[in-house]
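Worksheet: the structure to be examined is printed underneath.
Every chain is numbered from 1 and lettered A, B, ... according to where its sequence line falls, protein lines coming before strand lines.
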Protein chains: 2
Amino acid sequence: MTRSEENYLKSIFHLAEDNTSVSTNALAKKMKIKASSSTEMIKKLSEKGHVYYKKYKGVKLTKKGRLAATSIVRKHRLWEVFLVDKLGFSWDEVHEVAEQLEHIKSSKLTDELDSFLNYPKADPHGDPIPDSNGNIIDSKRQVLANVSIHANCICIGVNDSSKFFLKYLDKFKIKLGTKITVLNREFYDSSMTVLINNKKTSISKEVSNNLYVEII
Amino acid sequence: MTRSEENYLKSIFHLAEDNTSVSTNALAKKMKIKASSSTEMIKKLSEKGHVYYKKYKGVKLTKKGRLAATSIVRKHRLWEVFLVDKLGFSWDEVHEVAEQLEHIKSSKLTDELDSFLNYPKADPHGDPIPDSNGNIIDSKRQVLANVSIHANCICIGVNDSSKFFLKYLDKFKIKLGTKITVLNREFYDSSMTVLINNKKTSISKEVSNNLYVEII
DNA sequence: ATAAATTTTTAGTCTAGTCTAAATATTAAT
DNA sequence: ATTAATATTTAGACTAGACTAAAAATTTAT
């Protein structure tokens, strides 16, 4: 499998983890290529049995395609853990490098890395790491925006892994494990007042929609 | 720089670490491609300032090209150390994977890895690891074949890193650091009798030519 | 010093993966 | 139920990096 094919499968997976159908256009947009290019590749992936494809009807991963995709995601997230835990990268620096490392082909490497890292269940952004069979145990996490008033919760992940968001969180001392208490929610702009590190803080809906928490 | 360009520079470097000129044909043979292909790429590398090239006169790395080449070699050897020291690979299993890892682009990654591994000076086969400026400190190692009778020496590297040779060494319990005493040399076939782990062993010239040692 | 052998280069072809522009389907709006 | 807007596919072109076959230069051998 080529690097390009791997990237297509990964993108299809991310656009539809629930395995619904993905449109040519959505895929092209995600990958920053033209729709004609994604059509071409979809045809090829279909011939190789990685996706189901009906003209004009979008594309869905087959079992084989999904396993290939989760294998890439598994590697990506394991490498992110390695970079942060072992090499001292910060959580906003790992993505680019992991995009390269995820394509290294060696199941021994992946499995030994997993063991070396003590079988982590999530990457530095809280995203779950698939096992080698492609199974993903995703906890019942929810976005902070949906949490009801007065609830106590713990930050367990982010929905947006961009540098910009992660650096914002660093500035406000929010990281995985940080306790958050919801005090209030404004009707007007959906902003929230929360208690973080014993300080009252106002949080916009952009932020609360991108923070995963677990109620405690 | 593309992966292919990186591989050309690496091959040129390995064919002439002393920076003598490398022929189109030698390069093609080393890379298992046709001579016409290497001519093409040589032209491109020349335009980009990575090599000096005169038609029919072979090719030589420029300063820039040599730095690029040693950077790849540095990464290759650091990753080999990682695989053996941290992930439990054996020295005959690391090459293929390192061939992939050497192309990962991130100087932060390389330097942090170097630090994480405690600034190793050689890879698992005893080959020196260039520093980030491309400098290589190669000890005055010599092949066992050239050592004089009665000398005591220590195995510090191999000249042939193929699985076959490395597994042969494993079988005879020869590894880096193993003490070898030369007892005798046969005129007929250039084989040697040596003392390894307090056992007399006969060693063919194929083997003694591929073992690097240091006299003690 | 010429002929023969070898090496290197050139010219033209192929595949993967992208693109643009045009044609065709599908979906949404009146 | 047509038309308009949008999405998708097709057709044809481009680049990187490989190839084969043939031409040209260099080296080796007589």
Side-chain angles (χ1 to χ4, degrees), chain A residues 1-16 20-62 64-65 68-69 72 99-100 102-105, chain B residues 1-16 20-62 64-65 68-69 72 99-100 102-105:
Chain A
M1 186 141 45
T2 69
R3 177 168 296 232
S4 185
E5 288 171 342
E6 288 185 345
N7 282 331
Y8 274 91
L9 293 179
K10 184 181 59 157
S11 294
I12 295 168
F13 174 79
H14 283 314
L15 287 170
T20 52
S21 163
V22 169
S23 76
T24 302
N25 235 4
L27 186 53
K29 201 163 289 172
K30 171 120 187 155
M31 301 189 70
K32 292 170 184 173
I33 54 171
K34 299 299 168 185
S36 54
S37 307
S38 66
T39 299
E40 293 270 298
M41 183 57 98
I42 282 168
K43 279 187 200 164
K44 208 214 282 190
L45 291 172
S46 164
E47 268 165 30
K48 293 195 176 179
H50 287 109
V51 298
Y52 301 113
Y53 171 55
K54 269 277 171 114
K55 270 193 196 176
Y56 296 100
K57 295 302 173 192
V59 75
K60 237 187 256 227
L61 293 175
T62 61
K64 185 173 158 193
I72 306 295
E99 288 280 293
Q100 300 177 62
E102 71 189 4
H103 296 288
I104 304 294
K105 285 171 183 52
Chain B
M1 187 141 46
T2 67
R3 176 168 295 233
S4 185
E5 287 171 344
E6 289 185 344
N7 282 330
Y8 274 92
L9 293 178
K10 183 181 59 158
S11 294
I12 295 168
F13 175 80
H14 283 314
L15 286 170
T20 52
S21 162
V22 170
S23 75
T24 302
N25 235 4
L27 186 53
K29 201 163 290 174
K30 170 118 186 155
M31 301 189 70
K32 293 172 183 169
I33 53 169
K34 299 299 168 185
S36 53
S37 307
S38 66
T39 300
E40 292 271 300
M41 182 57 98
I42 282 167
K43 279 186 200 164
K44 206 213 286 190
L45 290 172
S46 164
E47 269 165 29
K48 293 194 177 179
H50 287 110
V51 298
Y52 302 113
Y53 171 56
K54 270 274 168 118
K55 269 191 197 180
Y56 295 100
K57 295 302 172 192
V59 76
K60 237 187 255 227
L61 293 175
T62 61
K64 186 174 157 194
I72 305 295
E99 289 279 294
Q100 301 177 62
E102 70 190 5
H103 297 290
I104 304 293
K105 287 172 181 55

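- Remark: the B/S38 side chain and the C/dT8 base include no donor-acceptor N/O pair separated by less than 3.5 Å.
- When the P atom of C/dT18 is taken as reference, atom CD1 of A/I42 falls 12 Å away, rounded to whole Å.
- Looking only at side-chain heavy atoms (C-beta outward), B/Y56 and B/S23 stay at 4.5 Å or farther from each other.
- Between B/S37 and D/dA18 there is no side-chain N or O to OP1 or OP2 distance below 4.0 Å.
- Atom P of nucleotide D/dT9 and atom NZ of A/K54 are separated by 13 Å, given to the nearest angstrom.
- Atom OH of A/Y8 is separated from atom P of C/dT18 by 4 Å (rounded to the nearest Å).
- In this structure, the nucleotide among C/dA16, D/dA18, C/dT10 sitting nearest to the side chain of B/M41 is D/dA18.
- In this structure, OH of B/Y53 is placed 6 Å from P of C/dT10, rounded to the nearest angstrom.
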Do any side-chain atoms of residues 45-53 of chain B form donor-acceptor pairs under 3.5 angstrom with protein atoms, and if so which ones, sequence neighbours left out?
unit_1	atom_1	unit_2	atom_2	d
B/K48	NZ	B/E5	OE1	3.4
B/K48	NZ	B/E5	OE2	2.7

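- For A/K34 and C/dA22, the NZ to C1' distance is 16 Å, given to the nearest whole Å.
- Taking only side-chain nitrogens and oxygens, A/S4 comes nearer than 4.0 Å to OP1 or OP2 of C/dT18.
- Between B/L9 and B/L61, the closest side-chain pair of non-hydrogen atoms falls below 4.5 Å.
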Give every donor-acceptor pair under 3.5 Å between a side-chain atom in residues 26-36 of chain A and any protein atom, sequence neighbours left out.
none

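- Heavy atoms of B/E40 sit nowhere under 4.0 angstrom from any nucleic acid atom.
- Annotation: salt bridge (charged side-chain N to carboxylate O under 4.0 Å, His left out) contacts of B/K10 (sequence neighbours excluded): B/E99, B/E102.
- Atom CG in A/L27 sits about 15 Å away from atom P in D/dA7, given to the nearest Å.
- Between B/S36 and C/dT9, a side-chain N or O to OP1/OP2 separation shorter than 4.0 Å is absent.
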Atom pairs under 3.5 Å: protein N/O with N/O of nucleotides 1-7 of chain C:
none

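- Atom C1' of nucleotide D/dT10 and atom NZ of A/K55 are separated by 8 Å, given to the nearest angstrom.
- Partners of B/Q100 according to the side-chain contact (heavy atoms from CB on, under 4.5 Å) rule, which considers only residues two or more places apart in sequence or in another chain, are A/I104, A/K105.
- If A/K57 and B/K43 are placed on DNA chain C by their nearest nucleotide, the residue sitting closer to the 5' end is B/K43.
- The interatomic distance linking A/E47 (CD) with C/dA16 (C1') rounds to 14 Å, in whole Å.
- Annotation: side chain of A/K57 is not in contact with side chain of A/S21 (no heavy-atom distance under 4.5 Å).
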